[in-house]
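Letters A, B, ... are given to chains in the order of the sequence lines, protein chains preceding strands, and every chain is numbered from 1. Everything quoted here is computed from the prediction, not taken from an experiment.
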Amino acid sequence: MPELPEVETVRRGLAPIFEGSSIFGVELRRADLRFPFPPNFQARLKGRRVATLRRRAKYLVAELDNDDALIMHLGMSGSFRIDAAPLPGDFHFSRSKHPAHDHVVFNFESGARVTYNDPRRFGFMLLLAGKEIDAHPLFAKLGMEPLDPAMSAGALARILQGRATPLKSALLDQKNIAGLGNIYVCEALHRARLSPLRIAGSLAASGKPLKALERLSTSIKAVLTEAIEAGGSSLRDHRQTDGSLGYFQHNFRVYDRENAPCPTPGCKGLVARVTQAGRSTFYCPACQK
DNA sequence: CTGTGTTCCTGTTCGC
DNA sequence: TGCGAACAGGAACACA
């Protein structure tokens, strides 16, 4: 599931539990996810208070009171679940059988419990010293946040200038813009009426008017903002931290809608599906140029 | 610098 | 109904 809007939705769900709370203990149900957990993972978290829970690209960053940071990535299938605090003496709460693929459990001193579940285990967790984050390989090359004020037609022009790669690939590359994934790239390109197959650099030749890039910038911000407001998208069984479903998937214009009529007013096209870099791209060949 | 293919895993869906 | 193949939101990597 998790592209920027889903990760942001998770962050908003977890923040009231994490921020200002002290970690009583962490349970690991296995030794690794995508990567092994860092050495002394549990010991380094125990007793720490979480200062803030922020998001960078598709990463969650829990900044701790000792200046360490817990980095969490949801991969393809990761999700968090918040369980209500148990009543005093509630044995069942702590002893009940856990669902399949519950890999990490955070117990807070407040009694709140947050469980990380990830069937495919493409997600991972790291512990970094606060100072190390920006220099870490996973963060050092990340591009700009698409909802940052710095994101603009001009910024897109600088990124895309001279690039021979298809526009979709360029937008999916986290080194250019950080946080877009397959769904929202398809959706943003449709809104901007730009073909995912178009060579990225062709939009940004020097001296070229920025009109198309203005549309792209606006579309990216709009689709992400709307998706966050809708609580993200729930494909398959993905849920928010409180168990409710996001509903932005009902607003997809092209994603997973092969052969559906193009939703652009007045357009007679049908949504097509092609493969780029091994992944499905959905777009309207009639109105996306 | 390119794009493509592969890999890490499991679950769901689709075609026969 | 069963069974195998294809495919799925990410991202690093090797390779040509």
Side-chain angles (χ1 to χ4, degrees), chain A residues 1-11 29-37 55-60 71-80 99-104 116-126 136-143 146 159-189 196-202 204 223-224 227-228 230-240 245-252 254-259 273-282:
Chain A
M1 69 91 204
E3 302 183 27
L4 188 153
E6 289 73 37
V7 178
E8 178 60 24
T9 297
V10 170
R11 191 198 67 77
R29 301 268 166 77
R30 54 177 301 126
D32 59 72
L33 294 171
R34 179 173 180 176
F35 309 123
F37 288 98
R55 179 190 58 74
R56 170 72 171 114
K58 300 171 193 171
Y59 295 90
L60 290 171
I71 313 294
M72 298 173 280
H73 193 288
L74 302 169
M76 296 268 262
S77 59
S79 64
F80 284 93
H101 312 301
D102 277 2
H103 303 311
V104 185
Y116 178 71
N117 182 288
D118 187 356
R120 291 176 74 182
R121 304 205 304 273
F122 284 5
F124 57 88
M125 296 188 188
L126 301 175
H136 191 279
L138 292 169
F139 288 84
K141 289 181 290 183
L142 284 179
I159 288 166
L160 302 178
Q161 174 122 33
R163 304 223 33 200
T165 198
L167 186 53
K168 187 205 181 193
S169 303
L171 296 177
L172 224 34
D173 188 336
Q174 303 297 298
K175 293 190 285 296
N176 295 329
I177 303 185
L180 296 176
N182 205 35
I183 292 175
Y184 294 106
V185 166
C186 290
E187 292 297 309
L189 286 171
L197 305 173
R198 182 159 171 174
I199 298 305
S202 74
V223 72
L224 295 178
I228 290 169
S233 304
S234 294
L235 296 186
R236 299 181 174 73
D237 62 350
H238 177 66
R239 284 162 190 273
Q240 298 183 41
L245 293 166
Y247 49 90
F248 190 74
Q249 66 277 12
H250 303 302
N251 296 329
F252 290 166
V254 290
Y255 183 80
D256 205 18
R257 297 179 57 81
E258 185 178 13
N259 295 325
R273 170 189 180 137
V274 297
T275 297
Q276 291 180 285
R279 309 188 66 191
S280 291
T281 296
F282 297 89

**Request:** Give a yes or no on this: more than 12 heavy atoms of other residues, nucleotides or ligands lie within 6.0 Å of atom OH of A/Tyr247.
**Result:** no
**Request:** Could you check how far CZ of A/Arg121 sits from C1' of B/dT7, rounded to whole Å?
**Result:** 14 Å
**Request:** Would you tell me if any nitrogen or oxygen in the side chain of A/Ser77 comes within less than 4.0 Å of OP1 or OP2 on B/dG11?
**Result:** no
**Request:** Can you see which heavy atom on A/Ala170 is nearest to which on A/Leu160, and at what distance?
**Result:** CB-CD2, 3.7 Å
**Message:** Any side-chain N or O of A/Tyr255 below 4.0 angstrom from OP1/OP2 of C/dG9?
**Reply:** yes
**Request:** Go ahead and name the base partner of C/dG9; Watson-Crick or wobble counts if both distances stay under 3.5 Å, otherwise write none.
**Result:** none
**Prompt:** Separation of A/His136 atom NE2 from C/dA12 atom P, in whole Å?
**Reply:** 11 Å
**Asked** How many Å lie between CG on A/Asp118 and P on B/dG11, as a whole number?
**Response** 11 Å
**Request:** If the plane angle is over 60° it's perpendicular, under 30° parallel, otherwise tilted; pick one for A/Tyr59 and A/His73.
**Result:** perpendicular
**Message:** Can you tell me which nucleotide in B/dT2, B/dC8, C/dA11 comes closest to the side chain of A/Ala164?
**Reply:** B/dT2
**Message:** Can you tell me if A/Arg120 touches the phosphate of C/dA8, counting only side-chain N or O atoms and a distance under 4.0 Å to OP1 or OP2?
**Reply:** no
**Prompt:** Could you state the CG-P distance from A/Leu33 to C/dA11, rounded to the nearest angstrom?
**Reply:** 15 Å
**Item:** Distance between C1' atoms of B/dG11 and C/dA12 (Å, rounded)
**Value:** 23 Å
**Request:** Look at all strands and tell whether A/Ser169 reaches a base, only sugar-phosphate, or nothing, counting heavy atoms closer than 4.0 Å.
**Result:** nothing
**Request:** With DNA chain B as reference, determine whether A/His101 or A/Ala277 sits nearer its 5' end, using the nearest nucleotide of each.
**Result:** A/Ala277
**Asked** What does A/Gly181 touch in the nucleic acid at a heavy-atom separation under 4.0 angstrom: a base, only the sugar-phosphate, or nothing?
**Response** sugar-phosphate
**Message:** Under 4.0 Å, counting only non-hydrogen atoms across every strand here, what does A/Arg34 touch: a base, just sugar-phosphate, or nothing?
**Reply:** base
**Message:** Just the rounded figure in Å: distance from P of C/dC13 to NZ of A/Lys175.
**Reply:** 10 Å
**Item:** Candidates C/dG9, C/dC7, C/dA11 - which lies nearest the side chain of A/Gln174
**Value:** C/dA11
**Asked** Is the phosphate of C/dA11, meaning OP1 or OP2, less than 4.0 Å from a side-chain N or O of A/Lys58?
**Response** yes
**Request:** Give the C-alpha distance, both sets of side-chain angles, the deciding distance and a yes or no for side-chain contact (heavy atoms from CB on, under 4.5 Å) between A/Leu4 and A/Arg55.
**Result:** CA-CA 9 Å; A/Leu4 188 153; A/Arg55 179 190 58 74; 3.4 Å; yes
**Whole angstrom value for the distance that separates C1' of C/dG9 from CZ of A/Phe252** = 9 Å
**Request:** Determine the minimum heavy-atom distance between A/Gln174 and A/Leu172, stating which atoms define it.
**Result:** NE2-O, 3.0 Å
**Message:** When the P atoms of C/dC3 and B/dC9 are compared, how many Å lie between them, rounded to an integer?
**Reply:** 25 Å
**Request:** Please figure out whether A/Pro137 or A/Arg273 has its closest DNA chain C nucleotide nearer the 5' end.
**Result:** A/Arg273
**Whole angstrom value for the distance that separates P of C/dG9 from CG of A/Asn117** = 19 Å
**Asked** If you check the A/Arg163 side chain, which of C/dA12, B/dT2, C/dG10 turns out closest?
**Response** B/dT2
**Message:** For A/Tyr184 and A/Phe252, take the angle between the two ring planes, folded into 0 to 90°, and tell me which bin it lands in: parallel under 30, tilted 30 to 60, perpendicular over 60.
**Reply:** perpendicular
**Fill in**
As its Watson-Crick or G-U partner within any shown strand, both distances under 3.5 Å, B/dC1 has none
**Request:** Would you mind reading off the distance between A/Phe35 atom CZ and B/dT7 atom P, rounded to a whole angstrom?
**Result:** 17 Å
**Prompt:** What distance, rounded to whole Å, do you find between the two P atoms, one in C/dA6 and one in B/dT6?
**Reply:** 12 Å
